[in-house]
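Reminder, nothing fancy here: chain letters follow the sequence lines and each chain counts from 1. All values reported here derive from a predicted model rather than from experimental measurement.
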Amino acid sequence: MYKRVVDIHQSPPNTQVIARGWVKTRRNSKEIQFVQLSDGSCFQDIQIIFQNDKFDSDTLKKVTTGACIEVHGDLIESPAAGQNVEIQARGLSIYGEADQEEYPLQKKGASFEFLREIAHLRCRTNTFGAVSRVRSEVSWAVHQYFRDRKFQYVHTPIITASDCEGAGEMFAVSTNLTHETGQYVLKDQDPAQDFFAKPAFLTVSGQLEAETLALGLTNVYTFGPTFRAENSNSARHLAEFWMIEPEMAFCDLKQDMNLACDFLQNLIKHVLNYCPQDLEFFQKRIEPDLIQTLEHVAHAQFEYMTYSEAIKHLKDSDEHFEYPVEWGCDLQSEHERWLTEKKVGRPVVLYDYPKDIKAFYMRLNDDDKTVAAMDVLVPKIGEIIGGSQREERLDVLKAKMKSQDLSEDVYWWYLDLRRFGSAPHAGFGLGLERFIMYVTGMKNIRDVIPYYRCPRNVDF
RNA sequence: UGCCGCAUAGCUCAGCGGUAGAGCAGCUGACUGUUAAUCAGCGGGUCCUAGGUUCGAAUCCUAGUGCGGCAGCCA
């Protein structure tokens, strides 16, 4: 009976099994060969034993690193250390060979930089198999978490006409461009002749649309791709990334922050529960003390700190900062890292930021100087969540938009929310890839998504 | 986008003015249980591109391209 490798490891010995997968390594001697077979279902490979005299030698020669094979045989208790069970092969067929002169993956580890060049094959490595399983489990956990709390999963548009929150440079979406001659040519200068009859873009956030849905459906969340055309070349930024954005009616900043923390802890617990072998691998090869740190963070109360308190701590510290700290300034990453890594030593929630450094839709506090915004910062990654209570008062919102030169004509529907049945509401955005980095210890965001998109790179 | 660094065999790198090296991988063989197996042998290179300096450049200089690190933008 065909079983996935993860199920084979759970099966009782002395039964017949069929395994299918890709050969990771082969060790051979005169009479016997050992093959490590992987199918992505779990971290552990299954070891296959071939007695050379029982197989056609030409077929057996094709069982090389990278080849795809099917094996049937007896699942037995392994007489040697390293695995509990193994398959004593009786039958073998080759799905696809892999020429050893050409196949780029070897038994030995390859650099992440090299693996990025062969992204179509890297899911066969230990690291990327583990990343992929964690990513999948986290995605399931996101849906489970919100479903359990009666949130609706909503789909906000990917193509949008609104420059949203000015969250970043946007990719234009147009049918007005041809490049038949190898050069870009504009078919028509007039946006009215374009597909949407006006400029359109890939979304930088589904937040504004999610707000409209929350004011009617109460609790909603989005989970989808997001696009930023910033020319940012860093280990923490992608041009295409996945974001989870819950939006809740009848919710203030405090409740928003509490949900964000509970959500993060729930996701961490889920990964600890469902991916223990993958986490052990990450701890061994990528990030020492990973599991202990995650266990701690999963249960410890997050540190809540106002922006003003953070400024005070930063000014009182002996640490030398490249950028000076003053109330009203944007925190640089050196400041954020000091707060979360040195001052507190675990995730920190900063809130009540100066109004002048935050977006127009964030709710003005009674002090008239700060807005109900919050960021969750984690060690080594920095900002992982950004959120706020939204401005639900029409007059205040209009004044804010005017001061930032935002057109009421474009955001008429957003303003309508404040005219018809407005309510306090709040939400946040969690960057999926940043969370995966945090939970796996991976150092570059390009290595936690199958195919990364960043400046000068749309291969595959 | 700014600053810094790197680019040599399939991979990871050494060589840093005198004409190409190692380890691993690959190939061939040996080996009755391996776990990144081990042992022996063999093949493998426009030294990123284009200019320049020099009797001579992988090596020095300039530009370009690509990649990486840090910063910024943020999630």
Length of the [atom1]-[atom2] vector between [X] and [N], whole Å:
X	N	atom1	atom2	answer
A/K30	B/rU28	NZ	P	18 Å
A/L331	B/rA71	CG	C1'	16 Å
A/Y438	B/rA75	OH	P	19 Å
A/R26	B/rG26	CZ	C1'	12 Å
A/Q33	B/rG33	CD	P	13 Å
A/F50	B/rG33	CZ	P	18 Å

Could you work out which one of B/rG68, B/rU34, B/rG33 sits closest to the side chain of A/R116?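 The answer is B/rG68.
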Given B/rG33, B/rA75, B/rG26, the nucleotide with the shortest approach to the side chain of A/Q100: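 Looking only at side-chain atoms, A/Q100 lies closest to B/rG26.
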Considering just the side-chain nitrogens and oxygens of [X], establish if one lies under 4.0 Å of OP1 or OP2 belonging to [N].
X	N	result
A/R446	B/rG68	yes
A/S234	B/rC70	no
A/Q332	B/rG72	yes

Scan A/E86 against the nucleic acid and name what it touches under 4.0 Å (heavy atoms): base, sugar-phosphate only, or nothing.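 Contact class for A/E86: base.
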Need one value for A/N444: base, sugar-phosphate or nothing, where a base atom within 4.0 Å counts as base even if backbone is also close, heavy atoms only.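 Here A/N444 touches the backbone only, sparing every base.
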What residues, two or more places apart in sequence or in another chain, satisfy salt bridge (charged side-chain N to carboxylate O under 4.0 Å, His left out) together with A/R26?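 Applying salt bridge (charged side-chain N to carboxylate O under 4.0 Å, His left out) to A/R26 gives none.
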Side-chain donor or acceptor of A/E230 under 3.5 Å from a matching atom on the base of B/rU1?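 Counting by modelled atom types and ignoring angles, no donor-acceptor contact under 3.5 Å is found here.
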Check this for me: does the side-chain of A/R434 come within 3.5 Å of the base of B/rC74 through a donor and an acceptor?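 Counting by modelled atom types and ignoring angles, a donor-acceptor contact under 3.5 Å is found here.
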Distance under 6.0 Å and angle within 45° of ring axis: A/R116 vs A/F114: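 Negative - A/R116 is either too far from the ring of A/F114 or too far off its axis.
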Reading 5' to 3' through nucleotides 3-14 of chain B, protein heavy-atom contacts under 4.0 Å coded B for base, S for sugar-phosphate only, - for none: -------BSS--
